[in-house]
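A short worksheet on the structure shown next.
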There are 2 protein chains.
Amino acid sequence: MRQTEEAIGQRLGGLNVDFEAMWAVSNIYRASSAIRNHLEQTVLRDTGLTWTGFVVMWVVWIWGESEPRHVAAEAGISKGTLTGVVKTLESYRHLRRFPHPTDGRRVMLALTPTGERLMLGLFPEFNRQEAFVVKKLDSERRRDLATSLRHILEHLENT
Amino acid sequence: MRQTEEAIGQRLGGLNVDFEAMWAVSNIYRASSAIRNHLEQTVLRDTGLTWTGFVVMWVVWIWGESEPRHVAAEAGISKGTLTGVVKTLESYRHLRRFPHPTDGRRVMLALTPTGERLMLGLFPEFNRQEAFVVKKLDSERRRDLATSLRHILEHLENT
DNA sequence: GAAGTATAGTTTGGCAGCTAACGATCGGAT
DNA sequence: ATCCGATCGTTAGCTGCCAAACTATACTTC
């Protein structure tokens, strides 16, 4: 890691680089990948669920019957991706889709009983691993981290 | 966003949830996705490069001639993924691979002259967008953010 | 009833992401 | 010289990720 910083210093020394921004963005991305891998290799491994599959189930679990565009927005993925993930979760019998009562364009999503049971058993484990991930940060730093990231998200959403 | 928190409070109220950890992890992931999209839709769009394509070129640019497993580690992706991304970058003539002088198992990677020129023009733009991404945070918060994330990364790497 | 505009969700094409297994190569021990 | 264990990079299979285009449906205006 220190070697990396030296190599970067040497190559980019002559340029006018915003290193604070660079490290912030780089670390967000790397932490995100590492966390996803960690969760997929621990809690999610035996379920066959991917990170995104879990998140989609979680959103439907939280909100109850929902519509695809809303679930996609809450999960932070595109509608096209949501369609693909729902297809996968349907094949696992964790989630089902059915027509909207009055609008033929719309679709409703809900967890199956199997999916509900899975979430009840899985979420506490998932949350324990989330706590493990941030274990080295004290409470204040965790809140500051979440707050800074929310500011970034809001800034990008208002662009 | 506030509605989301209310729905979560209602569903998870009876469980013993570490909300700080949950929000920290969730926001890391969402910020990461949003940042990648932003960069792919702005600076990288006209180049045809993906986020990961850019990162791989950047790593080879910083280190000079490199080997795949090293580039994969620096870029935070698996060796299998690195092979696929290198294939894409080779087809764009941005990067080339050639045999290791003495070890038949190993491969060397280097940017082509075209790739070097692209990085010289692209990186300052990329870094400007990185600065834009974190624009709403002051200098101290940016450093704290990068530091907290590095602690998370180190913790996960030592598991 | 017809036309125009908008919305919802799906499909398409292409790229990325992982793990696990594989083939090629290397180095050490015998 | 041969064997064995380890390493390197690639391949296979599967899932996720996007934007853009498409089809079906809804609503408003005339």
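Note on naming: letters A, B, ... go to the chains in the order of the sequence lines (proteins, then strands), and numbering restarts at 1 for each one.
In the displayed structure, A:Q10 atom CD is contacted under 6.0 Å by at most 12 heavy atoms of other residues, nucleotides or ligands.
Picking from C:dA16, C:dG17, D:dG16 the nucleotide with the shortest atom distance to the side chain of B:T50 gives C:dA16. With C:dG17, D:dC17, C:dT25 as the candidates, the nucleotide lying closest to the side chain of B:T52 is C:dG17. Closest to the A:R105 side chain, of the nucleotides D:dT15, D:dA19, D:dT25, is D:dT25. For B:R69, the listed nucleotide lying nearest its side chain is D:dG9; candidates were D:dC18, C:dG17, D:dG9. Side chain of A:D103, nearest nucleotide from D:dA19, C:dA16, D:dA26: D:dA26. For B:S78, taking side-chain heavy atoms from C-beta onward, the closest of the listed nucleotides C:dC18, D:dT11, D:dG9 is C:dC18.
Contacts of B:T102 with the nucleic acid, taken as non-hydrogen atoms under 4.0 Å apart, involve only primed sugar atoms and P, OP1 or OP2. As judged by a 4.0 angstrom heavy-atom cut-off over every strand, A:E67 is placed among residues touching the sugar-phosphate backbone only. Looking at heavy-atom distances under 4.0 Å, B:Q41 makes contact with sugar-phosphate atoms alone, never a base. B:F98 comes within contact range of no nucleotide atom at all, as no heavy-atom separation falls under 4.0 Å.
Taking the centre of each ring, B:F126 and B:W58 stay at or above the 6.0 Å mark. The aromatic ring centroids of B:W61 and B:F123 lie less than 6.0 Å from each other.
The nearest heavy atom of DNA chain D to B:N37 and to B:G80 marks one nucleotide each, and the one closer to the 5' end goes with B:G80. Toward the 5′ end of DNA chain D lies the nearest nucleotide of A:R36, the other residue of the pair A:R36 and B:R45 mapping further downstream.
Nucleotide D:dT11 holds its C1' atom 14 Å from the CG atom of B:L82, rounded to whole Å. Going from atom CG of A:L89 over to atom C1' of D:dG16 covers 12 Å, rounded to whole Å.
Using a cut-off of 4.0 Å between Lys/Arg side-chain N and Asp/Glu carboxylate O, B:K135 and A:D18 are scored as not salt-bridged.
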